[in-house]
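Let me begin by presenting the structure, written as structure tokens, before commenting on it.
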Amino acid sequence: MLHKDEAIVLFKRAYGESDKIIRLFTLTSGKIAAIAKGASKSQKRFANTLEPFNHIRVEYFEKFGKGLVRIDNADIVETNSGIERSLRRASTAAFFTEFADRLTKDRERNIDLFHTLKEVLLFTKQRELSYMDILRYELKMLETLGYMPNFTACVYCGKNVKEEMKVCFSRERGGILCSACSSPLPHRVYSAGTIPGIARIGNNHHRSAFEVHDKEGLPYMQDTGDVKRFEREAREIMEGFISFHLDVEFKSYRILKSLMG
Amino acid sequence: MYYPEPIERLIENMTRLPGIGRKTATRLAFFLLNAKESYVSELSHSLLDIKDKIKLCSVCFNITDVDPCRICTDEKRDQSTVCVVEESSHMMVLESASPGVYRYHILHGVINPIEGIGPDEVRIKELKERIEREGIREVIIATNPNIEGNTTAHYIGELLKHLDVKISRIASGVPVGGDIVYIDPLTIKSSIENRKDI
């Protein structure tokens, strides 16, 4: 059966003499693995299209019961041009494509994730993303995939926790703990403002991570030291959560992390 | 089917070669069985030699049987220019196009964050050391014009920009003898951006 779809190229690998194995995240069918016959030799058929981070229009043939679909035609909607301009851009793009690749199952349709991935790749082409941007998209993808940590209520008793009291995070339980529940349960204590800051970034109020109001009893994040501490703690929370709950280590994250300092 | 143990072992070992299945391995094994002893001896010695004698050149990291390799010790080649390539096989292609002109530096891979390959996993640090040590004046980056090759080229450009060295990238565009009608938009764009005066 012949399908026509839009897709983002997640991964490519040479296969045999001149074929390529490609993983695509398609708009309507989710992640699919495909083979592009003769892609390494024929510059006419697939010239530049099956490169990672490209947004393409693709025609593929699917045979019932076969794992790999066969790509018959592909043309570019949006190229990856711009991502190669720095290692940070390339690592950021690789991190998000790997994120989508490894946290989804084959044929799991997720239109929101497709659009989020498309958006973050577009931004990465234009500029180097700050850690705040990376965190925002990481949270957005987790939410889309249904893995969002709980930053609102205590994950043990379910009570809402006041902003200024959101300091305990349980990696194992995947969210915050109130002061009453925190004593018997394993957790880590973070600076006031870190957890509300992550939650705000997750809610897309991106800039307000630095504008935590004193009326809420929280310190301002106004100097570089505060920002650095926030980034360090946010990274620790996110890394711990992802490795414990999703049990994945992203190859590209190691490089991205070394660039973020 | 039963074969005597030495033949069976040879078949098993040959099926580990790329593109060789059991049928082909069996045919090859019987060919060797019937071949002259001098040929089989020569073949086995050449197999052992590639493991014993082939190593990486300590200057350019090309595969070689002498260190430094013959290209690095060739006085006739331009000593001030080095051509950076991904693999030894790419160097051979460039060398066949311009024999005896350039010296090379083989990276043994390209930066590919999706596969977890960063700058430390390829021979970029050694390239910088070599440029400083040998006083090279021009670096031609001849990595593939794909996302990994371009990222590597930009990274090298960034790394070397404070050195007094000219850095250039091989052009990409319409191939010699090509037809513009069949060229994709990205290649056309690149060829227009990289146009040259006539």
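Letters A, B, ... are given to chains in the order of the sequence lines, protein chains preceding strands, and every chain is numbered from 1.
- Counting heavy-atom neighbours within 6.0 Å of B:D52 CG, excluding the residue itself, gives a total above 12.
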- Query: Can you check salt bridge (Lys or Arg N to Asp or Glu O under 4.0 Å) on B:E158 and A:R88, steps first, answer last?
  - Reply: CA-CA 12 Å; B:E158 195 64 27; A:R88 179 154 177 148; over 6 Å; no
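- Under a cut-off of 6.0 angstrom, the local environment of CZ in B:R195 is sparse, with at most 12 non-hydrogen atoms contributed by other residues, nucleotides or ligands.
- At a threshold of 4.5 Å between non-hydrogen side-chain atoms, the residues B:E148 and A:P52 count as touching.
- In terms of heavy-atom proximity, B:T151 sits nearest to A:A90 at CG2-CB, 3.6 Å.
- B:E37 CD: 12 or fewer foreign heavy atoms inside a 6.0 Å radius.
- Neither the backbone nor the side chain of B:T152 comes within less than 4.5 Å of any heavy atom in chain A.
- Taken to the nearest 0.5 Å, the CD atom of A:E51 stands 7.0 Å off from the CD1 atom of B:I147.
- More than 12 non-hydrogen atoms from other residues, nucleotides or ligands lie less than 6.0 angstrom from CG of B:N34.
- For A:R188, the CZ atom sits in a loose shell: 12 or fewer heavy atoms of surrounding residues, nucleotides or ligands are nearer than 6.0 Å.
- Proximity to chain B (any heavy atom under 4.5 Å) is shown, for A:Y253, by neither the backbone nor the side chain.
- Remark: B:N112 CG to A:K12 NZ distance equals 7.5 Å, nearest 0.5 Å.
- Looking at A:R85, the atoms closer than 4.5 Å to chain B (heavy atoms on both sides) sit in the backbone and in the side chain alike.
- Atom CG of residue A:L87 and atom CD1 of residue B:I156 lie 11.5 Å apart, to the nearest 0.5 angstrom.
- Sparse packing is recorded around OH of B:Y102, with 12 or fewer heavy atoms of other residues, nucleotides or ligands lying under 6.0 Å away.
- Between B:I117 atom CD1 and A:K251 atom NZ the span is 8.5 Å, to the nearest 0.5 Å.
- Note that the CG atom of A:L10 and the CD1 atom of B:I114 stand 8.0 Å from one another [nearest 0.5 Å].
- More than 12 heavy atoms of other residues, nucleotides or ligands sit less than 6.0 Å from atom NZ of A:K125.
- Around atom CZ of A:R13, no more than 12 heavy atoms belonging to other residues, nucleotides or ligands sit under 6.0 Å away.
- Proximity to chain B (any heavy atom under 4.5 Å) is shown, for A:R89, by neither the backbone nor the side chain.
- Of the atoms belonging to A:S91, heavy atoms from both backbone and side chain fall under 4.5 Å from chain B.
- Remark: B:E115 CD to A:I255 CD1 distance equals 10.0 Å, nearest 0.5 Å.
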